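Order of the sequence lines fixes the chain letters, A, B, ..., with proteins taken first and strands second; residue numbering starts at 1 for each chain. Note that the coordinates shown come from a computational prediction; the quantities given were computed from them, not determined experimentally.
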2 protein chains.
Amino acid sequence: MVTVTATQGNASLAKMLHILELFSEAEPVWSTAAILEALETSRSTGYRYIKTLHEAGLLNAVRNGYYTLGPRIIEMDLQIRLTDPLLLASHGVLEGLVDRIGHSALLCTAFRDAVLCVGECRAPSSPENRFSRGQRRPLFQGAVSKVILAHLPHHRLKAVYARQREEIEKAGLGSTWSAFRATLGEMKKDGYALTVGEFNPGVYSVAAPILTDQKTALGSVGVAWDENERRDVAVEHAVLAVKQAAKTISERLKEAQGS
Amino acid sequence: MVTVTATQGNASLAKMLHILELFSEAEPVWSTAAILEALETSRSTGYRYIKTLHEAGLLNAVRNGYYTLGPRIIEMDLQIRLTDPLLLASHGVLEGLVDRIGHSALLCTAFRDAVLCVGECRAPSSPENRFSRGQRRPLFQGAVSKVILAHLPHHRLKAVYARQREEIEKAGLGSTWSAFRATLGEMKKDGYALTVGEFNPGVYSVAAPILTDQKTALGSVGVAWDENERRDVAVEHAVLAVKQAAKTISERLKEAQGS
DNA sequence: GAAAGATATCCCGCTATTTGGGATATAGTC
DNA sequence: GACTATATCCCAAATAGCGGGATATCTTTC
């Protein structure tokens, strides 16, 4: 677990928010006692934090003294779904991709030093997978991630490299800054990324960047399919379709920006 | 807008969280300046709050000095979707309802003095409506709400009545506590609620409660259709199907509880 | 329906923490 | 690579949160 770094001065604020980080798929329900222990604070303070979060709707009391993440989160996610320009601009496009390629499509965006899936459209045949909205993915594996990485703004990229030099080398993206930039430059020139079995074994993935006017990435669109699935889809065809989809979304975003 | 009541002692904590309440469908993007003004606090403090929320991922920096709700919310919503017992227990059931009735189905739960939609399954013909996951609905209008209200635990109901006496009377649920209880008792006996055009004009709605062992509501399932849509579905049929669905979900929850 | 057992809130002096105004550093723009 | 706007840092003062214990509220049990 990554501890949220409270820069200075507002330790209690960050500490309170840290409670939200405790909840996971494996441990979705926390007792007050467990929260208090995890916080390493006095009973009073812990209860106060819990109460505040509860009043804000970010925590939900289930049975006696047990909490889960709260309903306000569900509400706020809807608020985002209704207003996120990226998501709105992709309406219909993902569906179109699925129709054309026959495999599941994904919409992603950068989040910290990772990539977050914000939209998806599953192919009819496709099994329930782990690529739903809200899924976090590593920044250095998989086509949707790599293609975003390649189109990150200058300084963002530099900051990422400083923090993740080791991971970047491990992912085979270059052992020096210039090698790293060269690898990404190649991808940038192609305008798409293709990976095989990086994030999930045996899974093909093709992705293209959604770009601003300044040619930096707002996100990416991609399709993925298992190597054991029907292979009659030419990779080139997928590349074209994905690039087309990305372009459509990019242009819609520019329009929305203008209005 | 309902101001979150900070009980005591932790005003700054609540104030920070209040920033999240600023964002709405109508105003999804806020400038730092506007946030600072809304907070009525010093520049330093406001920036600190924003920074803390930003570090927690609850705020997202878009362009220079402008924020939207952050990606962590999307992640946490997934975390809830993957673990919420109510939602998990309803998997397949909503789809079954839609197949049987031919109209859109809804899964709801109580939240503060309102009802929150947490799941939906739209009928193929059904238009994009406003009943998605995350939508808040009044507690005193519409079948899904009323049926939850009728099965609220004793003290919850009393508290609600104290706060919302006026609204309750306006909704025709009774002008005294005993009349209110009588109205709800009727509904409780029936085991379902039927409303016509309460929340949305011209919309029929049938709902049944999802109950615990103690016969208090964890939520409700319902179906809704426009009066102008195909009317060949007998209301009685819908009632039976909805009650059946609610029963199935209730039983699944008990099983899950036990294991 | 009333009592026992938990769970959460309140009280209030103390002191650590946040506060806030201005200077400074960073990021984004041209 | 220089400029403007945005965000962070610095530090003294004091406010507002902290914590230990008592109390109130809710839940369960008989």
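- Residue Y49(B) is classed as a sugar-phosphate contact, given heavy-atom separations below 4.0 Å to backbone atoms only.
- The NE2 atom of H54(A) sits 17 Å away from the P atom of dT25(D) (whole-angstrom rounding).
- Among the nucleotides dA8(C), dT6(D), dT27(D), the one closest to the side chain of N64(A) is dT27(D).
- The CE-P distance, from M16(A) to dT18(C), rounds to 12 Å in whole Å.
- Protein atom NE2 of H154(A) is 13 Å distant from nucleotide atom P of dA27(C), rounded to whole Å.
- A search for salt bridge (charged side-chain N to carboxylate O under 4.0 Å, His left out) contacts involving K215(A) returns nothing, not counting sequence neighbours.
- The two residues C108(A) and V115(A) make their nearest non-hydrogen contact at CB-CG1, 3.6 Å.
- Nearest-nucleotide positions on DNA chain C place R43(B) closer to the 5' end than the other of R43(B) and R156(A).
- Phosphate contact (OP1/OP2 of dA7(D), side-chain N/O of Y47(B), threshold under 4.0 Å): present.
- Listed nucleotides dT27(D), dA7(D), dC9(D) differ in distance to K51(B); the shortest reach to its side chain belongs to dC9(D).
- Minimum atom distance to the side chain of T41(A) is reached by dG19(D), of the listed dT18(C), dT19(C), dG19(D).
- Nearest to the side chain of S42(B), among dG20(C), dA8(C), dT18(C), sits dG20(C).
- Side chain of T183(A) to main chain of A179(A): a donor-acceptor pair is present (N/O by atom type, distance under 3.5 Å, no hydrogens or angles).
- In this structure, S250(A) contributes its side chain and L211(A) its backbone to a donor-acceptor pair below 3.5 Å.
- Residue L13(B) contributes atom CG, which lies 12 Å from atom C1' of dC18(D) at whole-angstrom precision.
- Distances from the side chain of S44(B) to the nucleotides dG20(C), dG19(D), dT7(C) place dG20(C) closest.
- Rounded to an integer number of Å, the gap from CD1 of I50(A) to C1' of dC18(D) is 16 Å.
- When distances run from any side-chain atom of S12(B) to the nucleotides dC10(D), dT6(D), dG17(D), the shortest one goes to dG17(D).
- At dT18(C), none of the side-chain N or O atoms of T45(B) fall inside 4.0 Å of OP1 or OP2 (strictly under the cut-off).
- Formation of a donor-acceptor pair under 3.5 Å by the R252(B) side chain with backbone atoms of H91(B) is found in this model.
- Between L157(A) atom CG and dA27(C) atom C1' there is a gap of 16 Å when expressed in whole angstrom units.
- Rounded to whole angstrom, the span from the NZ atom of K15(A) across to the P atom of dG17(D) amounts to 15 Å.
- Distance L36(A) CG to dG20(D) P: 13 Å, rounded to the nearest Å.
- The side chain of Y67(A) places an N or O atom within less than 4.0 Å of a non-bridging phosphate oxygen (OP1 or OP2) of dA8(C).
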